[in-house]
Amino acid sequence: GLDIVEVFNNGNTVFAGEISSGDDINVNNGKLVVNNTSAEVRIKSNSDTGESYINFSDPSDNNVGQIYYGHGTNKMSIRVNDATRLAITSGGDIEVEGGDLFLNSGTNYNDKGVVYFSNERTAIISDIVNATANGDTSLDFQTRKGGARASAMFIDEFRNVGIGTTTPYSSLSVIDSNSYGYFSSTSAYRTATFQGSGSTSIVVAADGNAAGVYSEIRLGNTQASYANYSPYVRATQGNGIDSYSLEFGTSSGGVASTKMYIGGASGTTLGNVGIGTTSPTAKLTVQNDDGVSNGLHVIGDFNRSAGTDA
């Protein structure tokens, strides 16, 4: 069929003609120039399901590249060596086929490459953070809350991951501005598993260095107030950074309190155990809730060694 080629200059047609698929249009000096801010070149198909394209060629290949529009699919494509590599649909989707997508925003220190989503409400930012020849990078995933975009997850140049922080100090650092973090699982057996290559530990560290600062693990359910109801295991710092006591608390009537105490801080004797008291004066001190009566009840035989108090 015939294709219609039109060239406009400021709304006025300066060339219009029908050409067949085998025809050529020769332009003097290899240029088609239209000098005006409203200049337009129109390639018009005579079919609503036809194709329009601009073809690039050289002496050795008549089809090294194309800008192609399919009227039936309403899709604009860029072809290289007769293969589609990039396409834009009528809905605004961008399709990359048969290759990778490179976003090179620079190679200098603090050069940032940004991909925005949802009218810049969400962003992924790659930043060159190393001023040396290494060119190390960080990656910041930002979301929007309360009208402001901020980091939700951050990966630094050491591949440390920060959630709620852009300065992670370990492989995974989670900073929660709320009173507690929350991990949920549909498994009836486990919520999280921490596995090491050998001996493994879970460290709960308080951000402070003063007597009375404590770290604790609270146990309970999602209906309980973690500040009041939940039983706990707590380590409290004494007068030195290497001096800690250990407390085990249970709850009753909506209030949690320490029921067993192992001394190691704040003037207690190292290793003293207190049940019903946080001030054990012997290796084992048992005290009733009234703080006065003897809280130790022994049933059956009780043997004591010479020279010890019972």
Side-chain angles (χ1 to χ4, degrees), residues 78 85-89 91-210 213-219 222 226-227 233 235 237 241:
I78 295 178
R85 297 306 183 193
L86 180 67
I88 304 174
T89 69
D93 295 333
I94 298 177
E95 302 172 354
V96 178
E97 302 180 18
D100 300 319
L101 180 63
F102 293 86
L103 301 177
N104 294 319
S105 58
T107 58
N108 296 320
Y109 173 62
N110 213 30
D111 280 345
K112 291 179 173 59
V114 185
V115 179
Y116 291 106
F117 305 90
S118 303
N119 198 25
E120 298 188 24
R121 288 174 171 82
T122 306
I124 301 175
I125 303 173
S126 175
D127 188 7
I128 298 179
V129 298
N130 194 327
T132 69
N134 291 332
D136 296 338
T137 60
S138 65
L139 198 59
D140 191 5
F141 297 82
Q142 298 187 351
T143 58
R144 182 183 176 104
K145 178 183 178 182
R149 194 181 71 237
S151 178
M153 184 174 71
F154 184 86
I155 305 174
D156 68 13
E157 68 271 31
F158 306 107
R159 300 190 178 95
N160 294 329
V161 178
I163 298 176
T165 178
T166 57
T167 55
Y169 52 85
S170 61
S171 296
L172 176 61
S173 298
V174 180
I175 306 297
D176 193 347
S177 59
N178 297 316
S179 60
Y180 57 87
Y182 190 81
F183 296 89
S184 179
S185 173
T186 57
S187 171
Y189 302 101
R190 67 185 68 180
T191 299
T193 299
F194 300 90
Q195 180 176 338
S197 60
S199 300
T200 303
S201 64
I202 298 175
V203 178
V204 180
D207 186 12
N209 181 22
V213 173
Y214 64 84
S215 303
E216 66 179 20
I217 298 175
R218 291 268 178 170
L219 307 172
T222 58
Y226 287 92
V233 179
Q237 184 174 335
I241 61 174

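Closest non-hydrogen pair, Tyr214 versus Ala206, comes out as O-CB, 3.6 Å.
Checked by atom type and distance alone, the side chain of Ser173 pairs as donor or acceptor with a backbone atom of Tyr169 at under 3.5 Å. Proximity of a side-chain donor or acceptor of Asp127 to a complementary backbone N or O of Val129 within less than 3.5 Å is not detected. Under the 3.5 Å distance criterion, the side-chain polar atoms of Thr89 are matched with a main-chain donor or acceptor of Asp93. Formation of a donor-acceptor pair under 3.5 Å by the Arg85 side chain with backbone atoms of Gly99 is not found in this model. Thr200 contributes a side-chain N or O that, together with a main-chain N or O of Gly198, makes up a donor-acceptor pair within less than 3.5 Å. Without hydrogens or angle criteria, Ser215 side chain to Val204 main chain gives a donor-acceptor distance under 3.5 Å. A donor-acceptor pair under 3.5 Å links the side-chain atoms of Ser105 to the main chain of Gly113, judged by distance alone.
Atom OH of Tyr116 sits about 8.0 Å away from atom CD of Gln142, to the nearest 0.5 Å. Ile175 CD1 to Thr167 OG1: the interatomic distance, rounded to the nearest 0.5 Å, is 7.5 Å. Expressed to the nearest 0.5 Å, how far CD1 of Ile94 lies from CG of Leu101 amounts to 8.5 Å. Leu172 contributes atom CG, which lies 5.5 Å from atom CD1 of Ile163 (distance to the nearest 0.5 angstrom). In this structure, CD1 in Ile125 is found 13.0 Å from OG1 in Thr137, a value given to the nearest 0.5 Å.
The environment of Phe141 atom CZ is dense: over 12 non-hydrogen atoms of other residues, nucleotides or ligands sit within 6.0 angstrom.
Between Ile128 and the options Asn110, Asn108, Asp111, a side chain to side chain contact (heavy atoms under 4.5 Å, CB included) holds for only Asp111. Of the candidates Leu103, Asp140, Val114, Leu139, Ile124 forms a side chain to side chain contact (heavy atoms under 4.5 Å, CB included) with just one, namely Leu139.
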